[in-house]
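Numbering of residues begins at 1 and proceeds along the displayed sequence.
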Amino acid sequence: MDQEITFEMNLDGKQVTCTVLFTFSSDETGANYMLYTPDDPTSSEVRLMAARFDPENINELHPLKDDKDRAIVQSFIEYVTAHG
């Protein structure tokens, strides 16, 4: 990615900046997914988060629906890790 895409959200009662790592879609569910991480300069750990989103309204993230969503996201992470 040439330019980082960031957004603000309330997380654990604090307003934080998040960085989008990947977006992808699934033919199986017809859904679009986003992997992102909250920027926390005080932590050495990376917190990876996933959500569904609508490309027509990227200001609104939706939680993963079920185990199928989680399996699709996990499969994508494993693919990126193996080919990164």
Throw together a table of side-chain donor-acceptor distances under 3.5 angstrom for residues 34-41, partners on residues two or more places apart or in other chains.
unit_1: Thr37; atom_1: OG1; unit_2: Arg47; atom_2: O; d: 2.8
unit_1: Asp39; atom_1: OD1; unit_2: Thr19; atom_2: OG1; d: 2.9
unit_1: Asp39; atom_1: OD2; unit_2: Thr19; atom_2: OG1; d: 3.0
unit_1: Asp40; atom_1: OD1; unit_2: Thr42; atom_2: N; d: 3.0
unit_1: Asp40; atom_1: OD1; unit_2: Thr42; atom_2: OG1; d: 2.5

Note to self: According to side-chain contact (heavy atoms from CB on, under 4.5 Å), who are the partners of Glu45, at least two apart in sequence or on a separate chain?
What the structure shows: Ser43
Next item on the list: Considering non-hydrogen atoms only, spot the tightest contact between Val20 and Thr23 and give its length.
Entry: CG1-CG2, 4.0 Å
Next item on the list: Taking side-chain hydrogen bond (donor to acceptor under 3.5 Å, both in side chains) as the test, write out the residues that go with Asp67, two or more places apart.
Entry: Arg70
Item checked: Partners passing ring-ring contact (aromatic ring centres under 6.0 Å, His included) against Phe76 (at least two apart in sequence or in another chain) -> Phe22, Phe24
Check: Of the non-hydrogen atoms in Ala51 and Leu61, which two are nearest, and what is the gap between them?
Finding: CB-CB, 4.0 Å
Next item on the list: Output all residues satisfying salt bridge (Lys or Arg N to Asp or Glu O under 4.0 Å) with Asp27, sequence neighbours left out; order by chain, then residue number.
Entry: none
Margin query: Does Leu11 have more than 12 heavy atoms from other residues, nucleotides or ligands lying within 6.0 Å of its CG?
Written below: yes
Check: Can you list every pair that meets ring pair (Phe, Tyr, Trp, His ring centres under 6.0 Å) and has a residue in residues 42-71, with sequence neighbours left out?
Finding: none
Next item on the list: Hey, could you give me the OG/CD1 distance between Ser26 and Ile72, rounded to the nearest 0.5 Å?
Entry: 3.5 Å
Item checked: Those residues that, when tested against Thr17, pass side-chain hydrogen bond (donor to acceptor under 3.5 Å, both in side chains) (two or more places apart) -> Glu8
I'd like a table of donor-acceptor pairs (distance under 3.5 Å, sequence neighbours excluded) in which one partner is a side-chain atom from residues 77-84, with atom names and distances.
unit_1: Glu78; atom_1: OE2; unit_2: Gln74; atom_2: NE2; d: 3.1
unit_1: Thr81; atom_1: OG1; unit_2: Ile77; atom_2: O; d: 2.8
unit_1: His83; atom_1: ND1; unit_2: Tyr79; atom_2: O; d: 2.9

Margin query: Taking salt bridge (Lys or Arg N to Asp or Glu O under 4.0 Å) as the definition, give me every residue that meets it alongside Glu28, ordered by chain and number, with sequence neighbours left out.
Written below: Lys68
Checklist line | side-chain hydrogen bond (donor to acceptor under 3.5 Å, both in side chains) partners for Asp69, two or more places apart | finding: Tyr33, Arg52
Next item on the list: Name all residues meeting the side-chain contact (heavy atoms from CB on, under 4.5 Å) criterion together with Glu56; count only those two or more places apart in sequence or in a different chain, and write none if there are none.
Entry: Asp54
Check: Among all residues two or more places apart in sequence or in another chain, which pass the salt bridge (Lys or Arg N to Asp or Glu O under 4.0 Å) test with Asp66?
Finding: none
